[in-house]
Q: 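I am attaching a structure below and will ask some questions about it afterwards.
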Amino acid sequence: MTQDELKKAVAQAALEEVKKIIDKDSIAGVGTGSTANFFIDALATIKLDFDGAVASSEATRERLQAHGITVYDLNGVGTVPVYVDGADEVNGRLHMVKGGGGALTREKIIGAASQTFICIADESKQVDILGGFPLPVEVIPMARSYVARELVKMGANPMYREDFVTDNGNVILDLYNFPIDNPLTIEQKINNITGVVTNGLFAMRPADILLLGCADGVKSLKAK
Ligand SMILES: O=C[C@H](O)[C@H](O)[C@H](O)COP(=O)(O)O
């Protein structure tokens, strides 16, 4: 199977999970990225069976609306019953690195506001130790140099993501060669640097279910 076929298979499996949770009045939380895009296309096939969605990025909002799905502001909807999103890396405890596409902050907000977080990924994303994928940190633009110096003190190698602005008007520093041995501590430590909006580690709010696309089928995994 190609990587896209694996992504499509996990997106379809996520739709089956979501159907068990949502009803006519429900709002679904929708993530960002190529795997989430397959999920959006799958979700569109049941668009008459739920009320609408909250989107973790402008790109996702546009794709949902193009399918005729109503997109709500998170402020108006309260707790979200289910959130489906991809990941750049995921470990056995369902901690994730996210934000390769720069959508980490809105993703983290919707994840935090959701009752069930379903991570959808192909098997290339499964790792023992997070950090092989550069960890994104969203930063207020005027704080970029200060935050970079503080990250260097933590042993990281921050690289400014050039020509990129987040949906929130901020910049991204990507941390290369930064093995994440204690995701919970590192997530909080980076977030404590003044000028950081958030970082792409999802350990304080891990996924509840991982649907992993493998050559021999989709596996449904819970945190170890
Ligand atoms: O900002 C982007 C998101 O965190 C995505 O969930 C992540 O980058 C995975 O994207 P993809 O499914 O395209 O690999």
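These values consider heavy atoms only, across backbone and side chains, with no hydrogens, waters or symmetry-generated copies. The structure displayed is predicted, hence computed values, not measured ones. Note that ligands are numbered from 1 as they come in the structure, with each ligand's atoms numbered from 1 the same way. Numbers for residues simply follow the sequence, beginning at 1.
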Q: Looking at Ala103, which atoms of ligand 1 are within less than 4.0 Å of one of its heavy atoms?
A: 1 (O)

Q: Only heavy atoms of Ala87, strictly under 4.0 Å: list the atoms of ligand 1 that pass.
A: 6 (O), 9 (C)

Q: Could you walk me through whether Lys98 and Asp85 pass salt bridge (charged side-chain N to carboxylate O under 4.0 Å, His left out), step by step?
A: CA-CA 9 Å; Lys98 293 179 47 53; Asp85 198 358; 2.8 Å; yes

Q: Side chains of Glu138 and Thr105 only: does a donor on one sit below 3.5 Å from an acceptor on the other?
A: yes

Q: Who's the nearest protein heavy-atom neighbour of atom 3 (C) of ligand 1, and how far?
A: Glu107 OE2, 2.9 Å

Q: Roughly how far, to the nearest 0.5 Å, is the CG atom of Asn157 from the CG atom of Asp174?
A: 10.5 Å

Q: Below 3.5 Å, N or O to N or O, backbone or side chain included: is there any such pair between Gly99 and ligand 1?
A: yes

Q: Can you name the residues that form a side chain to side chain donor-acceptor pair (under 3.5 Å) with Asp181, not counting sequence neighbours?
A: none

Q: Consider every N or O of Leu104 and every N or O of ligand 1, then say whether any pair is closer than 3.5 Å.
A: no

Q: Please report which non-hydrogen protein atom sits nearest to atom 8 (O) of ligand 1, along with the residue it belongs to and the distance in Å to one decimal place.
A: Asp88 OD1, 2.8 Å

Q: Under 3.5 Å, is there a donor-acceptor pair linking the side chains of Asn37 and Ser34?
A: no

Q: Any atoms of ligand 1 less than 4.0 Å from a non-hydrogen atom of Ser34? List them with their elements.
A: 11 (P), 12 (O), 13 (O), 14 (O)

Q: Is the number of heavy atoms from other residues, nucleotides or ligands under 6.0 Å of Met159 CE greater than 12?
A: no

Q: Would you say that more than 12 heavy atoms from the other residues, nucleotides or ligands in this model lie under 6.0 Å from the NZ of Lys8, or not?
A: no

Q: Taking 4.0 angstrom as the limit and counting only heavy atoms of Gly100, give me the atoms of ligand 1 inside it, by number and element.
A: 1 (O), 2 (C), 8 (O)

Q: What are the atoms of ligand 1, with element, lying closer than 4.0 Å to any heavy atom of Gly86?
A: 6 (O)

Q: I'd like to know whether ligand 1 has Gly31 as a neighbour, heavy-atom separation below 4.0 Å.
A: no

Q: Checking Tyr83 now: which residues fulfil ring pair (Phe, Tyr, Trp, His ring centres under 6.0 Å) with it, not counting sequence neighbours?
A: Phe117

Q: Verify whether one side chain among Asn170 and Asn168 offers a donor that lies under 3.5 Å from an acceptor in the other.
A: no

Q: What residue and atom, counting heavy atoms only, is the protein's closest point to atom 12 (O) of ligand 1, and at what distance?
A: Thr35 OG1, 2.6 Å

Q: Between Lys108, Lys98, Lys125, flag the one that comes closest to atom 6 (O) of ligand 1 by a heavy atom.
A: Lys98

Q: Looking only at protein heavy atoms, which one is nearest to atom 5 (C) of ligand 1, and what is the separation?
A: Thr32 O, 3.0 Å

Q: Can an N or O of Gly101 be found at a distance shorter than 3.5 Å from an N or O of ligand 1?
A: yes

Q: Does an N or O from Lys7, backbone or side chain, lie closer than 3.5 Å to an N or O of ligand 1?
A: no

